[in-house]
Number of protein chains: 2
Amino acid sequence: MSQTVDRALSILPLLAQGPADLGQVADRLGVHKSTALRLLRTLHEHGLVYRQEDQRYRLGARLFALAQEAVENLDVREIAHPHLVALNERIGHTVHLAVHEEGEVLYIDKVESRYPVRMYSRIGKPVAITVAAVAKLLLADLPEAERRAVAEKLDYPTYTSRSTPNAAAFLKELATVREQGWATDLGGHEESINCIGAPIHGADGRVVAAMSVSAPNVVVTAEELLTLLPQVRRTAEAISREYSGTAPNTPSAQGSSDDR
Amino acid sequence: MSQTVDRALSILPLLAQGPADLGQVADRLGVHKSTALRLLRTLHEHGLVYRQEDQRYRLGARLFALAQEAVENLDVREIAHPHLVALNERIGHTVHLAVHEEGEVLYIDKVESRYPVRMYSRIGKPVAITVAAVAKLLLADLPEAERRAVAEKLDYPTYTSRSTPNAAAFLKELATVREQGWATDLGGHEESINCIGAPIHGADGRVVAAMSVSAPNVVVTAEELLTLLPQVRRTAEAISREYSGTAPNTPSAQGSSDDR
DNA sequence: GGACGGCGTTGCAACATCTGCAACACCCAT
DNA sequence: ATGGGTGTTGCAGATGTTGCAACGCCGTCC
């Protein structure tokens, strides 16, 4: 809708592919060098673009900071986090939280281990949408038509022999997930890693996020992992309750009251 | 330099603080609602802004994807990565890689453990600049004047009793680091975590990145960690050589040839 | 139930801003 | 020196952007 801004923003994905100099940017944008220069300058002032020593431009640090802040201000995440930590402390495996947004599913939180070194996961990484348990949960909740549309448009890479092969299989899987209210990924992304997940509902009943527990089968077999399902579902339900406001977050026994 | 783009980009940090509706955005920008609407629309088309169900705007997913791609295209990172993995496989502890950019130091890579589950760290997270070993290494290399200017401008939060207390102490520490060619963070950020780091040099001798090894002192004491210093420095040097092109990356025994 | 107020949205005309041009400054290589 | 390759600047013209006012919509309050 705004040509100038549109052009400026088009520079970002362009630079995401690698550094480029002024001429290249101007060419790719189809504008004069001087215009490209002014756009880049503006982007630079805002820190979205960085000028390296060879004068070429690349994406800047502010971008990270923004993505950072963005993810920290998601309220589902804020509410869910203590529950995820609590679950992690009980079962020890990696716990993920993910949301769906405009065709992509991405992780917005992760608790890796109860180890004193608390380090965050590569949050923001798009999920393998055709196989991940959280992706299935989030897409399964879409209205029929949209679900089908999305399924048709996806690629179905065969990460492993157990990856979802095509749209038909995926839709069938989504139907199952939708009905049973939980999902798995048994070696569909990486042969040795299994995953179980449960949906988090908002006040209107729609799925707003999904969580999962992942573990390599050298640690627990798929069967053992499945025995944890009730705990995962209870946690997801506890988060849902708190998120939808059904659970008055009493100042005292707040949060992890119900997710054990 | 470009008013329109400038305004549009100003929306991003604004939304980073939390979701806002059209009116709020317009007010904060000091423009008419209709202009704000058009800017937001453009941002939305590029996926930088997302419109939630209550019609309010917040930062969008593309932002993550961009930050993601950006970090993956840094050539230091690409070159360093296999070396970091190799080091990690030998010593087992967490290995970090960081760069300095416009006043911030941020992690651009991390190898957490040799565990089969390979998961990435919260890359892009700004580092505690006054205490982290990597930050000291990167800032120590700045020219005298700039170094002082940066040191004066910083805040010195006391994370622990061993945190760098003020600019004077920091500058002194930087001088030491500069001279000895390596750095530590012994409980300066979190009481129980120690850290040793070494610089990575470019062809011109300037420090382009820094790496570090971190471990909680329940696993190894600070003294034990320091015994790993030679290995860390050798790895950093190997990366430096390959990065500055001194080491012809022979197709065969490539990369991890020298960093043991 | 009707009117009000708030919010997002649209079309338009006036204007300011952005654009492309051409010339310049600079660096490196020839 | 001379040439080609950058990035940079000032300018006038024109395009795109702006703010306005009016509309549609949805809740709320009388």
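Only a predicted model underlies this, so the values are computations on that prediction, with no experimental measurement involved. Here is how names work: the chains are called A, B, and so on, in the same order as the sequence lines, proteins then strands, and each is numbered from 1. Reckoned from all heavy atoms, side chains included, excluding hydrogens, waters and symmetry mates.
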To the nearest Å, how far apart are Leu22(B) CG and dC25(D) P?
-> 18 Å
Nucleotide range of DNA chain C contacted by chain B, 5' to 3', under 4.0 Å to a heavy atom?
-> dG8(C) to dC18(C)
dG7(D) phosphate, OP1 or OP2, under 4.0 Å from Gln55(A) side-chain N/O | no
If you draw a 6.0 Å radius around CZ in Arg206(B), do more than 12 non-hydrogen atoms from other residues or ligands fall strictly inside?
-> yes
Decide yes or no for Arg7(A) and Ile11(A): does some side-chain heavy atom of the first lie under 4.5 Å from some side-chain heavy atom of the second?
-> no
Check the distance between dG7(D)'s P and Leu40(A)'s CG and give it to me in whole angstrom.
-> 10 Å
Taking the side chain as every heavy atom from C-beta outward, state whether Arg147(B) and Arg178(B) have any atom pair closer than 4.5 Å.
-> yes
Between protein and nucleic acid, restricted to nucleotides 9-14 of chain D and to nitrogen or oxygen atoms under 3.5 Å apart, what atom pairs and distances do you find?
unit_1 : atom_1 : unit_2   : atom_2 : d
dT9(D) : OP2    : Arg41(A) : NH2    : 2.3

Short side-chain to backbone donor-acceptor contact, Asp141(B) and Val207(B), under 3.5 Å = yes
When you match Arg51(B) and Met1(B) each to their closest nucleotide on DNA chain C, which lands nearer the 5' end?
-> Arg51(B)
Take Arg56(A) and Thr4(A), find for each the nucleotide of DNA chain D with the closest heavy atom, and name the residue whose nucleotide sits nearer the 5' end.
-> Arg56(A)
Would you say Glu242(B) and His83(B) make side-chain contact, with heavy atoms under 4.5 Å?
-> yes
Within this structure, what is the NE2-to-P distance between His44(A) and dG7(D), rounded to whole angstrom?
-> 15 Å
The single option from Glu144(A), Glu146(A), Glu152(A) passing side-chain hydrogen bond (donor to acceptor under 3.5 Å, both in side chains) against Arg148(A) = Glu144(A)
Does any N or O in the side chain of Thr130(B) come within less than 3.5 Å of the main-chain N or O of Tyr156(B), such that one atom is a donor and the other an acceptor?
-> no
Can you tell me the distance, in whole Å, between the CG atom of Asp54(B) and the C1' atom of dG27(D)?
-> 15 Å
Counting N and O atoms only, with roles assigned by atom type, does the side chain of Thr4(B) sit under 3.5 Å from a partner on the main chain of Val5(A), one being a donor and the other an acceptor?
-> no
Should Ser2(A) be listed as having a side-chain N or O under 4.0 Å from OP1 or OP2 of dG16(D)?
-> no
Close side-chain approach of Asp21(B) to Tyr57(B), heavy-atom, < 4.5 Å = no
